[in-house]
There are 2 protein chains.
Amino acid sequence: MERPYQLILDNVSRFIDLTKLEQQKYISLLTTVKVKRKAFLMQAGEIAKYEYFITKGCLKVYTLDEDGAPHISMFAVEDYWTGDLASFITKEPSRYFIKATEDSELLGVSRVNYDLLFQEIPKFERFYRMLYQRSLINYIRRSNHGISLTAEERYIEFKKKYPEIVNRITQKDLAGYIGITPEFMSKIISKVNRM
Amino acid sequence: MERPYQLILDNVSRFIDLTKLEQQKYISLLTTVKVKRKAFLMQAGEIAKYEYFITKGCLKVYTLDEDGAPHISMFAVEDYWTGDLASFITKEPSRYFIKATEDSELLGVSRVNYDLLFQEIPKFERFYRMLYQRSLINYIRRSNHGISLTAEERYIEFKKKYPEIVNRITQKDLAGYIGITPEFMSKIISKVNRM
DNA sequence: TAAAAGTCTTAAACTAGTTCATTTTTTTTC
DNA sequence: GAAAAAAAATGAACTAGTTTAAGACTTTTA
């Protein structure tokens, strides 16, 4: 089996067991997508047509505020799911941009195939129940942490939680994720390194 | 049918249809809980034994930081689900307190019954898939908003989004939710009212 | 491989939000 | 319904993080 399919099946198998036939059916519903570094997978104003699983590369998901300043909501690397769930589900225009920070390869599930999946392989209700349950736990933690920690503490937490991502992104993008200016990020890093 | 059961069945029926028999089975798995104003439904250090649906009243979910300052992660009123999902699922001790701010009545789903539910009525995989999907969309919005808006903007958003809750909670608790001090909350409110 | 573009650093002046202390107002309790 | 307790308001001194600007360093591109 090709590596990308193996990766996504391994991901799915963390929560549900699929028969060979179900695996084939699932794979038939996936679309392969490649994006070059700096290219957009999706732009604000569009309706999110896919949810993506990353098999190679790194992407950032962000919005621009009224002043045009970027706010990064997530970085996604191999074995991560990404997209704009709100837009994908509600079919309202997205406010997010998704841009590759490295040449990347993804598997996309279209909205039509997403609905079809639950009809054809009802087990996927469980898969998504578990996937969303886990994401929800992470987001609840994050939205409480975000509000109660200082920027320096959030930086230290990020480094501890995502050591493999820190080295793949710019300091500027990390600032956009932490919620501070690149200048202040620079100060924090030089301070933390001195400690 | 008693009002609390009618309320929870209405809530469930937004996402799935249950037969009369399934309704009865579901209700048999629920535990009725009453908490007086100022009493705790749950305290930090305990393992979350239930997920709760509120049929009457109002509760706040919060942690205490190292300095003992409260950070409120949600207010829950009639027709809301609450609890500590992370502790409920992982069975690790919770860091949250849940305290009633009014005399309240709830229906609890124990961890054992939660697992049983999926075996007995597999449709509930879909219900929770949809429920978590919707919560996730809200949390993603909130965790991005939290970081990019000023405290004043977050207050205005809260009032617009939860007008029915604003009048049921203290200004101090709202400050704990918005992520600022009660003193600064007071300033913001008098400023916003003057506008 | 040179030029251009983008990223990182540093520093000074500024602002949103905190802290601490005091008074007034509202709510709770007996 | 009086006393006690808690919440809200106000103000002055403080701090975490922003803004603006300029120079050094790195990466990208032709």
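Any value given below was found using the heavy atoms of this structure, including those in side chains, with hydrogens, waters and symmetry copies removed. Lettering of chains follows the sequences in order, A, B, ..., and the numbering in each one begins at 1. Remember, it's a predicted structure, so these values are computed and weren't measured experimentally.
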Report task. Do nucleotides 22-30 of chain C as a string where each nucleotide becomes B, S or -: B if the base has a protein heavy atom under 4.0 Å, S if just the sugar-phosphate does, - if no protein is that close. Result -> ------SS-
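Residues in residues 167-189 of chain B take part in these salt bridge (charged side-chain N to carboxylate O under 4.0 Å, His left out) pairs, two or more places apart or across chains: Lys60(B)-Asp173(B), Glu78(B)-Arg168(B), Glu102(B)-Arg168(B). Within the structure, no pair that satisfies the salt bridge (charged side-chain N to carboxylate O under 4.0 Å, His left out) test touches residues 135-151 of chain A, not counting sequence neighbours. Applying the side chain to side chain donor-acceptor pair (under 3.5 Å) rule to pairs touching residues 27-48 of chain A yields nothing, sequence neighbours excluded. For residues 122-136 of chain B, the set of pairs meeting the salt bridge (charged side-chain N to carboxylate O under 4.0 Å, His left out) definition, not counting sequence neighbours, comprises Glu125(A)-Arg126(B), Glu125(A)-Arg129(B), Arg126(A)-Glu125(B), Arg129(A)-Glu125(B), Glu22(B)-Lys123(B).
Atom CD of Glu152(B) is separated from atom C1' of dG17(C) by 12 Å (rounded to the nearest Å). Here dT18(C) presents its P atom at 10 Å from NE2 of His71(B), a figure rounded to the nearest Å.
Under a hydrophobic-cluster definition in which Ile, Leu, Val, Met, Phe, Trp and Tyr are linked whenever side-chain heavy atoms come within less than 4.5 Å, directly or via other members, Ile89(A) and Ile47(A) are assigned to different clusters.
Taking the six-membered ring for Trp and thresholds of 30 and 60 degrees, Phe158(A) and Phe75(A) have ring planes more than 60 degrees apart, a perpendicular arrangement.
For the residue pair Gln6(B) and Asp10(B), a side-chain donor N or O sits within less than 3.5 Å of a side-chain acceptor on the partner.
Contacts of Thr90(A) classified as side chain to side chain contact (heavy atoms under 4.5 Å, CB included), with partners at least two apart in sequence or in another chain: Glu92(A). Annotation: salt bridge (charged side-chain N to carboxylate O under 4.0 Å, His left out) contacts of Lys91(A) (sequence neighbours excluded): none. Judged as a ring-ring contact (aromatic ring centres under 6.0 Å, His included), and not counting sequence neighbours, the contacts of Tyr114(B) are Phe88(B), Phe118(B), Tyr128(B). With sequence neighbours excluded, the residues that form a side chain to side chain contact (heavy atoms under 4.5 Å, CB included) with Leu7(A) are Arg3(A), Phe53(A), Thr55(A).
The aromatic ring centroids of Tyr26(A) and Phe124(A) lie less than 6.0 Å from each other.
Chain B approaches DNA chain D over the interval dA7(D) to dA12(D), counting the first and last nucleotide 5' to 3' with an atom under 4.0 Å from its heavy atoms.
Rotation axes derived from the C1' atoms of the five outermost pairs at either end of the helix from dT1(C)-dA30(D) to dC30(C)-dG1(D) lie 70° apart, to the nearest 10°.
Looking at Asp65(B), its side chain does come within 3.5 Å of a backbone N or O of Asp67(B) through a donor-acceptor pair.
Against DNA chain D, the stretch residues 161-186 of chain B makes heavy-atom approaches under 4.0 Å through Thr170(B), Gln171(B), Lys172(B), Glu183(B), Ser186(B).
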